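Take a look at the structure set out below.
Being a predicted model, the structure only gives us computed values, none of them experimental.
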Amino acid sequence: KNLVALDADLVLDTGLIPFKEKFPDRFIECGIAEQDMVSQAGTMALSGLIPIVHSFACFLISRASEQIYNNASQNGKVIYVGSLSGVLPGGPGHSHQAVRDIAGMLSMPGMTILEPLNASQVNHSLKWAVEENNESSYLRLTSIPYEQSESLKNLNSLVYGQGHVITEGLEIALIVFGPVFSYLASEASSILQNQGLSVKVIATPWINKVDLEWLENAIGNTSMIATLENHYTESGAGSVYISKMASSGLLKDKKVLSIGLDELPVCGRNEEVLDFHGLLPMQIAEKISKCFKKA
């Protein structure tokens with residue numbers, strides 16, 4: 001009953017209308033004012049409430065960075081929900097492509113970043129953020145229709161720091177984040193299997209919290225590690241995992257490859273955007289194969 005939802009003039013886009021209608025006294029429309037909304041949430045958090053702030057990820061994280069940091073410095077628990085995260089859709093343009101939000105939130109003390117792999121995991125992630133996490137959380141959500149493999153459809157659990165092996169393989173471990181890119185990874189894995197390469201796909205919702213014992217077991221004896229993400233590779237989720245694995249000695253004698261965005265994303269139809277940046281399944285497979293076979 002102490003949970004409050006705040007919105008930045010995106011009540012339809014962020015799916016808050018049902019909450020607003022059922023709990024009008026616990027819904028606050030802040031208008032196009034992310035900084036103001038986050039500041040209000042910080043005060044509410046210090047007053048015993050659990051505020052959940054909503055906006056597009058591209059606006060919420062960049063505009064209100066100072067206020068998010070201030071909230072973190074005061075140890076207030078706020079749940080940040082960034083919709084429309086990632087490079088897609090590509091139609092609205094650069095201002096709406098949230099491909100640097102992870103980098104921004106990684107610098108926030110006490111922040112846990114989650115990118116649920118399907119709708120069921122959104123439910124589990126919110127429940128964890130509200131009931132189990134004593135610090136702040138950032139839920140990075142996909143706002144476009146997407147395809148799912150059967151293994152992704154059936155995911156219905158959330159274990160702290162752990163992900164899911166959605167495709168078995170022996171030679172290459174591909175670690176992927178988010179629903180859209182998990183599907184792309186599955187398709188790329190099938191292409192590589194047909195080329196004679198055995199690829200294990202590991203999908204995880206945890207961006208900056210990693211159970212290294214679980215990850216070591218998941219990676220197994222593969223000789224190459226690749227990461228795939230819906231974000232800039234610089235200071236993204238892949239850099240977190242590669243750094244943690246390197247520090248723990250998990251990358252010894254293994255080839256490493258980071259796949260994601262390495263330049264300003266282009267605009268256009270979704271498939272055009274993925275094609276331009278080499279993120280279609282066949283292109284992902286080619287990058288992995290080239291790295292694996294490189295002497």
Side-chain angles (χ1 to χ4, degrees), residues 86 115-118 121 146-159 161-207 209-231 233 236-262 271 274-275 277-295:
E115 188 170 1
L117 297 168
N118 60 17
Q121 224 172 47
Y146 57 89
E147 298 183 78
Q148 284 185 296
S149 62
E150 285 302 315
S151 56
L152 285 171
K153 286 181 182 178
N154 296 328
L155 294 182
N156 188 28
S157 63
L158 184 77
V159 179
Q162 300 184 13
H164 312 266
V165 176
I166 59 176
T167 301
E168 291 290 350
L170 300 174
E171 296 175 299
I172 301 165
L174 176 56
I175 304 172
V176 64
F177 313 90
V180 174
F181 277 45
S182 290
Y183 177 77
L184 297 176
S186 296
E187 294 293 289
S189 172
S190 297
I191 293 170
L192 289 166
Q193 290 287 141
N194 292 333
Q195 296 175 355
L197 289 178
S198 181
V199 182
K200 173 183 290 189
V201 178
I202 303 168
T204 177
W206 301 94
I207 300 298
K209 305 297 181 183
V210 189
D211 182 333
L212 286 170
E213 183 177 350
W214 164 81
L215 187 59
E216 183 177 11
N217 290 331
I219 292 169
N221 294 319
T222 53
S223 58
M224 174 179 165
I225 306 294
T227 61
L228 174 64
E229 63 183 309
N230 195 0
H231 189 274
T233 53
S239 65
V240 173
Y241 273 69
I242 290 171
S243 175
K244 289 181 180 292
M245 286 187 288
S247 298
S248 302
L250 299 184
L251 295 182
K252 186 178 180 181
D253 299 325
K254 295 183 187 292
K255 295 180 179 179
V256 178
L257 175 66
S258 296
I259 304 174
L261 290 165
D262 56 11
E271 188 163 328
L274 294 176
D275 181 36
H277 292 288
L279 295 172
L280 291 173
M282 180 59 75
Q283 296 167 318
I284 294 169
E286 289 175 359
K287 291 178 180 181
I288 293 174
S289 177
K290 183 178 179 180
C291 181
F292 182 76
K293 294 177 181 178
K294 188 176 181 180

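Ile225 contributes atom CD1, which lies 9.0 Å from atom NZ of Lys200 (distance to the nearest 0.5 angstrom). To the nearest 0.5 Å, the span separating CG on Asp253 from NZ on Lys255 amounts to 12.0 Å. To the nearest 0.5 Å, atoms CG (Asp275) and CG (Leu280) are separated by 5.0 Å. With rounding to the nearest 0.5 angstrom, the CG atom of Leu152 is 8.5 Å from the OH atom of Tyr146. One distance of note links CG of Asn156 with CG of Asn118; it measures 7.5 Å at 0.5 Å rounding. With rounding to the nearest 0.5 Å, the separation of CD in Gln283 from CD1 in Ile191 is 10.0 Å.
A 4.5 Å side-chain heavy-atom check between Ile219 and Met245 finds at least one atom pair inside the cut-off. Side-chain atoms of Ile288 and Met224, non-hydrogen and from C-beta on, do get closer than 4.5 Å to each other. Using a 4.5 Å heavy-atom threshold, the side chains of Thr204 and Tyr241 count as touching. With contacts defined as side-chain heavy-atom distances shorter than 4.5 Å, the pair Leu228/Leu279 qualifies. Residues Glu216 and Leu212 are not in side-chain contact: their nearest non-hydrogen atoms beyond the backbone lie 4.5 Å or more apart.
For Glu213, the CD atom sits in a loose shell: 12 or fewer heavy atoms of surrounding residues, nucleotides or ligands are nearer than 6.0 Å. When the shell of 6.0 Å around CD of Glu271 is examined, it contains 12 or fewer heavy atoms from other residues, nucleotides or ligands. Enclosure of atom CG in Asn221 is not indicated, since only 12 or fewer non-hydrogen atoms of other residues, nucleotides or ligands lie within 6.0 angstrom.
The side chain to side chain donor-acceptor pair (under 3.5 Å) search around His277 returns none, not counting sequence neighbours. Taking Lys244 as the reference, nothing meets the salt bridge (charged side-chain N to carboxylate O under 4.0 Å, His left out) condition, with sequence neighbours excluded.
Looking at every heavy atom in both residues, Ala237 comes nearest to Glu229 through N-OE1, 2.7 Å. Residues Gly238 and Thr227 come closest through the heavy atom pair CA-OG1, 3.6 Å. Heavy atoms only, all atoms of each residue included: Phe292 and Ser223 are closest at CE1-OG, 3.4 Å. The two residues Leu192 and Ala285 come nearest to each other via the heavy atoms CD2-O, 3.4 Å. Contact record, Thr167 with Ser186: OG1-OG, 4.4 Å, taken as the closest heavy-atom pair. Scanning both residues, Thr233 and Ile259, for their nearest heavy atoms gives CG2-C, 3.7 Å.
The closest side-chain donor-acceptor pair between Gln121 and His164 falls under 3.5 angstrom.
Proximity of a side-chain donor or acceptor of Ser243 to a complementary backbone N or O of Val240 within less than 3.5 Å is not detected.
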If you look only at distance, which donor and acceptor atoms sit under 3.5 Å apart when one is on a side chain in residues 170-184 and the other is two or more places apart or in another chain?
unit_1 : atom_1 : unit_2 : atom_2 : d
Glu171 : OE1    : Ser198 : N      : 2.8
Ser182 : OG     : Gly178 : O      : 2.6
Tyr183 : OH     : Glu147 : OE1    : 3.3

